[in-house]
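Reviewing the structure listed below.
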Amino acid sequence: MKIKLCIVVGARPNFIKAAPIITAIKKYRKEYKELTFFLIHTGQHYDENMSDVFFKEMGIPKPDFQLSIGSGNHGKQTGEMIEKIEEILLKEKPDLLVSIGDTNSTLSGALAAAKLHIPIAHVEAGLRLFNKNIPEEVNRLLTDHLSALLFVPTKLGKDNLLKEGMKNNTVFQYGDIMYDATLQFDKVAEKKSKVLKTLGLKKDEFILVTVHRAENTAHIDQLKTILDSFVEVSANHKIVMPIHPRTKNLLKEHNLLDHYSAHIQVTDPLGYMDMLVMEKNARLIVTDSGGVQKEAFFQQTPCVTLFENTAWVELVDLGWNNIVPPKSTKFITKNIMDVLKKKKGKAGSPYGKGNAAELMVERIITFLTAKHKS
Ligand code: UD1
Ligand code: UDP
């Protein structure tokens with residue numbers, strides 16, 4: 001039986017999560033030649049260091065379709081993606097669409113497929129922050145409710161979906177796809193990356209920070225609250241910030257990039273290999289990124305998460321992640337200083353064995369084979 005999969009990506013975390021899935025598909029193709037896939041890149045992220053670099057470093061094939069949608073308000077960006085993805089799905093007729101994570105590209109792929117009755121597999125299903133003002137929460141909720149196969153990274157993800165009425169036999173807990181990615185690339189990163197030398201850094205002598213969430217970058221006052229804390233902490237600790245274009249644009253708009261760069265070592269966004277090495281060698285990570293919170297744990301580096309809550313509660317329970325809602329500069333600084341004094345978290349392995357992608361591909365094949373027979 002021929003199986004043709006469509007994978008939709010568009011933003012930085014989509015690329016990183018797609019890499020292990022593509023590796024697993026390629027592995028299966030060795031025995032199962034009838035398994036094929038094509039890749040759609042929506043163009044949500046387009047700068048070289050937000051997109052191409054991940055394709056090159058992680059061996060992701062060139063997209064079969066580059067939609068070049070670019071930036072825009074949610075409705076416009078999502079709408080244009082749906083329109084173009086639909087055209088491709090009508091022509092290519094895949095048996096299943098793989099939607100990954102929680103970006104606008106994730107939701108667009110799912111919506112386009114659902115209307116054409118193409119089954120969807122959602123990778124990283126079931127995560128909830130219980131706040132529908134968060135754009136990613138809307139994307140996750142809708143994608144989950146449209147999907148035939150729900151690949152949850154954690155037990156909590158499964159519980160959330162069952163509470164929302166999903167059927168038990170559609171939910172599969174195989175582990176976290178980013179853990180697969182870290183295991184796949186960690187050694188290569190250590191060999192290849194020269195980032196510590198290039199940036200003049202030594203192990204445990206810097207704090208790695210990333211800030212890009214809409215909630216922290218929509219208004220300059222909120223961003224200033226956070227960055228002013230980094231300035232305070234920089235009196236005693238070197239701070240390095242690979243800057244997301246959204247954050248950079250806001251600082252430039254308010255003529256504040258030079259001001260903060262005088263205290264914080266600001267770099268362009270890093271490639272994945274450099275990022276893994278930075279995360280491993282940092283004394284502490286301070287972030288609002290969903291993915292970086294987890295990678296901090298994979299690299300056994302303590303983390304402060306600048307957000308109201310987290311979907312990765314296992315890491316809070318194990319003592320690796322510290323949730324610090326960024327409400328005032330003083331509050332953030334105090335918490336960063338406290339975490340620097342704390343002992344590291346406990347051992348644990350809440351994210352599977354690093355073979356989630358292989359199990360997902362196997363499950364997709366089983367699902368499609370059964371569907372074909374019925
Ligand atoms: C998106 C995702 C978010 C994810 C993040 C990862 C949604 C709703 N949000 O947020 O979940 O955590 O990606 O990084 O899908 N820009 C550039 N060059 C680029 C890409 C973006 O300059 O290559 C700038 C543009 O000014 C753009 C802004 O960044 O307007 C925001 O980009 P967008 O993709 O809309 O949202 P992110 O904040 O990146
Ligand atoms: N990342 C990267 N370079 C950077 C910042 C992040 O390679 O300069 C990687 C990071 O290692 C993780 C992923 O991007 O794998 C997380 O994506 P991001 O923080 O953009 O989004 P989120 O996870 O919050 O959706």
Side-chain angles (χ1 to χ4, degrees), residues 8-20 41-54 57-58 68-78 81 99-109 124 127 129 133-140 142-143 176-182 184-186 189 193 195 199 208-218 240-253 266-280 282 285 287-296 298-299 301 305-307 310-312:
V8 178
V9 294
R12 177 165 68 187
N14 299 143
F15 311 137
I16 289 159
K17 294 166 197 173
H41 185 331
T42 63
Q44 177 172 351
H45 286 177
Y46 42 85
D47 292 346
E48 204 276 331
N49 55 26
M50 293 294 288
S51 173
D52 286 5
V53 65
F54 302 102
E57 287 187 336
M58 303 178 90
S68 302
I69 305 288
S71 307
N73 290 338
H74 287 274
K76 183 173 184 291
Q77 190 181 52
T78 311
M81 286 180 195
S99 211
I100 310 170
D102 57 14
T103 67
N104 286 350
S105 302
T106 312
L107 175 63
S108 306
E124 210 179 62
L127 302 181
L129 291 176
N133 289 331
I134 299 171
E136 292 82 5
E137 184 85 346
V138 176
N139 295 341
R140 285 191 283 262
L142 296 177
T143 304
D176 177 55
I177 196 75
M178 292 188 80
Y179 186 44
D180 287 27
T182 295
Q184 204 174 320
F185 292 99
D186 210 23
S193 170
V195 68
L199 298 180
L208 174 66
V209 305
T210 79
V211 180
H212 77 276
R213 289 249 86 84
E215 292 71 14
N216 286 334
T217 55
V240 186
M241 176 164 74
I243 196 164
H244 189 287
R246 174 198 272 273
T247 314
K248 187 175 186 177
N249 291 344
L250 185 67
L251 289 179
K252 275 181 143 175
E253 199 185 303
V266 178
T267 74
D268 284 337
L270 298 172
Y272 185 60
M273 304 300 152
D274 286 347
M275 194 62 183
L276 289 180
V277 168
M278 290 289 282
E279 288 167 341
K280 190 189 293 280
I285 293 174
T287 188
D288 61 5
S289 157
V292 174
Q293 285 175 53
K294 251 179 314 153
E295 287 171 345
F298 301 152
Q299 302 295 353
T301 301
T305 294
L306 298 175
F307 212 68
T310 180
W312 309 108

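Counting starts at 1 for both ligands and their atoms, in listed order. The analysis underlying the following values was restricted to heavy atoms, covering all of them including side chains, and did not include hydrogens, waters or symmetry mates. We're numbering straight along the sequence, starting at 1.
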Tell me which protein heavy atom sits closest to atom 36 (O) of ligand 1, plus the residue, atom name and distance to 0.1 Å. Arg246 NH2, 3.8 Å
Name the closest protein heavy atom to atom 18 (N) of ligand 1, giving the residue it belongs to and the distance to 0.1 Å. Asp47 OD2, 2.9 Å
When every non-hydrogen atom of Tyr46 is compared with those of Ser71, the smallest separation belongs to OH-OG, 2.7 Å
Can you name the closest pair of heavy atoms from Gln184 and Pro20 and give their distance? OE1-CA, 3.6 Å
Decide yes or no on side-chain hydrogen bond (donor to acceptor under 3.5 Å, both in side chains) for Asn49 and Asp268, but give the supporting numbers first. CA-CA 8 Å; Asn49 55 26; Asp268 284 337; 4.5 Å; no
Would you call Asp186 and Lys280 a salt bridge, using N to O less than 4.0 angstrom? yes
Is the closest basic N to carboxylate O distance between Arg213 and Glu136 below 4.0 Å? yes
Aromatic ring proximity, centroids under 6.0 angstrom, Phe15 and His45: no
In ligand 1, which numbered atoms sit nearer than 4.0 Å to a non-hydrogen atom of His74? 8 (C)
Compare all side-chain heavy atoms of Thr247 with those of His244 and state whether any distance is below 4.5 angstrom. yes
Does any non-hydrogen side-chain atom of Met275 lie less than 4.5 Å from one of Leu208? yes
Quick one: do the Thr106 and Thr103 side chains pair a donor with an acceptor below 3.5 Å? yes
Of [options], which has the heavy atom at the shortest distance from [atom]?
atom	options	result
atom 5 (C) of ligand 1	Arg213, Arg12, His212	His212
atom 26 (O) of ligand 1	Val138, Ile134, Asn249, Asn73	Asn249
atom 32 (O) of ligand 1	Met50, Glu136, His45, Gln77	His45

Any nitrogen or oxygen of Asn139, side chain or backbone, less than 3.5 Å from one on ligand 1? no
I want to know if ligand 1 touches Asn104 in the polar sense, i.e. an N/O pair below 3.5 angstrom. yes
Contact residues of ligand 2, where a non-hydrogen atom lies under 4.0 Å away: Arg12, Pro13, Ile16, Phe54, Met178, His212, Arg213, Pro242, Pro269, Leu270, Gly271, Tyr272, Met275, Glu279, Ser289, Gly290, Gly291, Val292, Glu295
Sub-3.5 Å donor-acceptor pair from the side chain of Asp274 to the main-chain atoms of Leu270, do we have one? no
At a 4.0 Å cut-off, with the gap strictly under it, does some heavy atom of Lys248 reach an atom of ligand 1? no
Counting only heavy atoms closer than 4.0 Å, does ligand 1 sit against the backbone of Pro13, its side chain, both, or neither? side chain
